Each structure stands twice: as C-alpha cells, then as structure tokens.
Amino acid sequence: MTSDEARIARIAEAWVQFNRLAIGVRERDSLVETLDQVDDIIRRDPAEGWMFIQAVRQMDLDTSLLSNLAAGPLEDFLIAHGETEIAKVEHLAERDTAFRYLLGLTWKNAMPDDVWRRVQRAAHPL
C-alpha cells in the first residue's frame, strides 16, 4: 500500500466512524475535520476521490452509510469530475451490482445533465 493509499484509507475509516456516531455524541467533534478532508479530496483530485470512494466501499456498510456515501462523496465526485470520469463509473457499474445499487442512491443535485443521464443508465441498465 502506498503512502497515499494509506492516508486515504485512514480518512475513509474516520469518515465511516463519524457517520456511525449519533448526532450530538462528543466523539463526533474530534472527527468533524474529516468531512473537510473528504470534501477537499473529492473536489481537488479525481484519482484520490475515486480511491476514497473505493476505500469506503470495501468496509462493512449498512444501508444508512451507503446512502451517506452515495448522496455525499460519490455525488460530489460526479458533480466535480463526472464529465471526465463517467466512463470509469460506467465500467465499474457494468460488472459490480453493489456499485450499481450505490449509483442508484445518488441525487442529481448540480450534476451536469449528460452525466446524470449516464449515471441513471449505469445504475438502472435495461
């Protein structure tokens, strides 16, 4: 594992831990900066953003965490980088039903129309 992969894995673990804690729990306070780190990774660097999404997907996630990943970092990734990264997303969706399901939980938000159409086709193939 490279140092970048290890750093992203640590951030992914902290993001999952933050999202597993109930709102108002004091332990969340120490993890709030993780949200800024994730936002920075997702918006700044598509390769690291994709690495983060994949790192989180490898963890044991319940439905709530999957929804948070889909309507959070994955959606933000598609907004920021969808036009250049959509082929990678489509390719994974073709062979990974769990990823297809995750795509189906995203929202359009500020995603470009063309990217959103392709996300919808990838998430719900005929």
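On a predicted model such as this, the values are computed, not experimentally measured, just so you know. What you see below is based on every heavy atom in this structure, not just the backbone, and it leaves out hydrogens, waters and symmetry mates.
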Sidechain-backbone polar pair: His81 side chain, Ile42 backbone, donor-acceptor under 3.5 Å: yes
Shared hydrophobic cluster for Met1 and Ile8 (ILVMFWY, side-chain gaps under 4.5 Å): no
Would you be so kind as to tabulate the donor-acceptor pairs closer than 3.5 Å made by side chains of residues 116-126, with sequence neighbours excluded?
| residue | atom | partner | partner atom | Å |
| --- | --- | --- | --- | --- |
| Arg118 | NE | Glu90 | OE2 | 2.8 |
| Arg118 | NH2 | Glu90 | OE1 | 2.7 |

With [X] via side-chain contact (heavy atoms from CB on, under 4.5 Å) - residues at least two apart:
| X | value |
| --- | --- |
| Asp40 | Arg44 |
| Glu83 | Pro112, Val115 |
| Arg95 | His91, Leu92 |
| Gln37 | Ile11, Glu33, Thr34 |

Side-chain donor-acceptor pairs under 3.5 Å in residues 101-108, sequence neighbours left out?
| residue | atom | partner | partner atom | Å |
| --- | --- | --- | --- | --- |
| Thr106 | OG1 | Leu103 | O | 2.7 |
| Lys108 | NZ | Met111 | O | 2.7 |
| Lys108 | NZ | Asp113 | OD1 | 2.8 |

Salt bridge (charged side-chain N to carboxylate O under 4.0 Å, His left out) contacts touching residues 2-17 (sequence neighbours left out): Asp4-Arg7, Arg7-Glu48
Counterpart residues, side-chain hydrogen bond (donor to acceptor under 3.5 Å, both in side chains), relative to Asp114 (two or more places apart): none
Residues forming a side-chain hydrogen bond (donor to acceptor under 3.5 Å, both in side chains) with Asn109, sequence neighbours excluded: Glu75
Straight-line distance of Ser64 OG to Leu69 CG, nearest 0.5 Å: 11.5 Å
Salt bridge (Lys or Arg N to Asp or Glu O under 4.0 Å) partners of Asp39, counting only residues at least two apart: Arg43
Under 3.5 Å, side-chain donor or acceptor atoms of residues 14-24 against the rest of the protein: list the pairs with distances, not counting sequence neighbours.
| residue | atom | partner | partner atom | Å |
| --- | --- | --- | --- | --- |
| Asn19 | OD1 | Asn68 | ND2 | 3.2 |
| Asn19 | ND2 | Trp15 | O | 2.8 |
| Arg20 | NH2 | Asp60 | O | 2.2 |

Pairs of donor and acceptor atoms involving the side chains of residues 50-57, under 3.5 Å and at least two apart or interchain, shall be tabulated with distances.
| residue | atom | partner | partner atom | Å |
| --- | --- | --- | --- | --- |
| Gln54 | OE1 | Arg57 | NH1 | 2.7 |
| Arg57 | NH2 | Asp96 | OD1 | 3.3 |
| Arg57 | NH2 | Asp96 | OD2 | 2.8 |

